[in-house]
Amino acid sequence: MSHADPLRLERLAIGELAEVDLTLAPGEILCLSGASGSGKSRLLRAIADLEPHDGEAWLGDRAQSAIPGHAWRRAVMLVPAESHWWAERVGEHFHDPEEADLQALGFERDVLDWSVARLSSGEKQRLALLRAVSREPAALLLDEPTANLDDATAHQVEAWLVARIREHGLPVVWVAHDIAQIRRVADRHCRIKGGTLETEKEGAWT
Amino acid sequence: MDVIALSWWQLAAAALLVIALAGCTAWARLGMSQNLLVAAARTVIQLALVGLVLEALFAAAELYWVALMAFAMLLIAGREVMARQKRRLLGGWAFGIGTLSMFLSSFTVAVLTLTLIIGPEPWYRPQYAIPLLGMMLGNTMTGVALALDRLTDTAWRQRGVIENRLMLGQRWQEAIGDIRREAMRSGLMPVINAMAAAGVVSLPGMMTGQILAGSPPALAVKYQILIMFTITLGTGFGTLAAVAAGSRRLFDSRERLRLDRLSAPG
C-alpha cells in the first residue's frame, strides 16, 4: 500500500450538493461543517463510493472507477458517525491492533475479549476509529469522530487521530461541528451552504 | 392387489361430516365455519380439475403436453415465491431469480431421476414425471421463498452492519456472508426436519398413498426415500442458486449495497 498519496475530488456530485473539486495533500485535514441534512455524510459516502454519484475521485494516480469497490474503500476508509459490530467479541473485528493505540484511546488489551453488547456508545466510537486506523488505510473520512465523547476523552482521541494522520501522511475529510475542535485540527475548513461547498477564510477560524 | 374403488357418494359421506364440523363451529360461535367450507370446496374443485387434466395428459402422453404442464406448474410456483416475500427485488428479479433457480434445480433433478434412476418408458411418462416434479416443485418453492424472504428482509434490517463492513474494505461476499448463511439455513431447515422425522414422527403422504393404493410397504419405502432425496436435492440446489443470485443482486458493480432495488413491504 503506497502511503502519502493526495486525495483529489473531480466534479464529484451527489444529491443536492453541487459538483465538488478538491485536492487534499498527504497529511492534510480538511474539516467539513454545515447544518444537519446539508449533505456532509452523503459527500463522505460518495467519496467512499458507497452510493451512486457523479464525478471521479483519485487517490494519487488511482481512479476510484478503475479499481474494485472494496479495494477503493480499503484505501479510502469511512468511519461513520454510528458504528456497527457484527461478531460476538470486540477482538473478532480487529486485525491485531497495536498495544500503544489501545492505551492511547484508554483501553487495556482485555477489551478485545469483551462482548460487543456491553460497549457504551463512547467506547464503540473510540474502538470504531481504532478498527479503521489499524487497517492502515491511505485516506480517512471521519464523520463526527468525537460526537459521543466527553471533552477530556474527545481531546485525547483527537490528539491520537492527528498524530496517526501526520505520521502516515493521510489526507483526511473530518466532519465536525465544534468550532474549537476545527481550530485545533483543521488545515482547511469548508462549509456546505445552500448546496455548495465554500472554503472558510483563514482568519475566520484560526 | 386391486385398489378399492371410491365412488362419489362415499366422498359425499365424508363431505357431510365436514359440513357437520362447520355446523359445530358455527354453533359454538368460533367463527371458522365459513373459511372451513370455502377451503373444502376449493379442495374438491381444484383437485377435480387437476384430475381431469391428468387424465387427459396420461391419455395423450406426448412430450410437449408434459412439458407444457411442467412449465405451467413452474410459473405458478414462481409467482407464489414472489408473493411470499415481504421485501422483494424490483424489476422482475424476484420472480426471475425464484423461477430460474427452481427451474435449474427441480427440472434437472427430475430429468436425471427419471432417466437414470426410475427409467420409465418413455422417460417422460406422465404417471411418473408429473407427480415427481410436483412434489419437488412444491418443496423447492417453500425453500426458495423462505430463503429469499430471509435474505432480503435481513439485509434490509442489517443494512448498517453490511455497509460498515463495506466501509472497512470487505468484499460484498464477506459483508453479507452471515446473512447468506442464515438464508440458506432457513431454506433448508424444512427438508432437513422432514428427513429427520420421516417414519418416526410422520408417515410421509406419498408413501401412505402408495400403501393405500396397494403397493407393498417395502417398495413404497424405497420410493419414499428416493423422493425425499430428490426433494432435498431440488430444494438444496434451488435455494443455493436463489441465495447466490439474490445476494449478488443486492449489490451493484461497485459492490455498493443497493436496498433501493427492494420493494417496500406491503
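To find a chain, count down the sequence lines: A is the first, B the second, and so on, and within it residues start at 1.
Comparing Ser83(A), Ala132(A), Pro80(A) by heavy-atom pairs within less than 4.5 Å of chain B, the highest count is held by Pro80(A). Among Ala48(A), Ala128(A), Pro52(A), the residue with the largest count of heavy-atom pairs under 4.5 Å with chain B is Pro52(A).
Expressed to the nearest 0.5 Å, how far CG of Leu168(B) lies from CZ of Arg131(A) amounts to 5.0 Å. Glu163(B) contributes atom CD, which lies 5.5 Å from atom CG of Leu50(A) (distance to the nearest 0.5 angstrom). Atoms CG and CE, on Leu78(A) and Met167(B) in that order, are 4.5 Å from each other to the nearest 0.5 Å.
The environment of Arg159(B) atom CZ is dense: over 12 non-hydrogen atoms of other residues, nucleotides or ligands sit within 6.0 angstrom. The number of heavy-atom neighbours closer than 6.0 Å to CD of Glu108(A), taken from other residues, nucleotides and ligands shown, is 12 or below. For CZ of Arg109(A), the number of neighbouring non-hydrogen atoms (other residues, nucleotides, ligands) closer than 6.0 Å is greater than 12. Under a cut-off of 6.0 angstrom, the local environment of CD in Glu198(A) is crowded, with over 12 non-hydrogen atoms contributed by other residues, nucleotides or ligands. The number of heavy atoms from other shown groups lying within 6.0 Å of CD (Glu92(A)) is above 12. By the 6.0 Å contact criterion, CZ on Arg184(A) is enclosed, its count of non-hydrogen atoms from other residues, nucleotides or ligands being greater than 12.
Shortest non-hydrogen contact noted between Asn164(B) and His84(A) is OD1-N, 2.6 Å. For Asp178(B) against Trp86(A), the heavy-atom pair with the smallest separation is OD2-CD1, 4.2 Å. Taking each heavy atom of Gly69(A) and Glu255(B) in turn, the nearest pair found is N-OE2, 3.9 Å. The minimum heavy-atom distance between Arg254(B) and Arg73(A), with the atom names listed, is O-NH2, 3.1 Å.
Remark: the backbone N or O of Glu51(A) is not paired with any side-chain donor or acceptor of Arg258(B) at under 3.5 angstrom.
Interface residue Ser65(A): only backbone heavy atoms are found under 4.5 Å from chain B.
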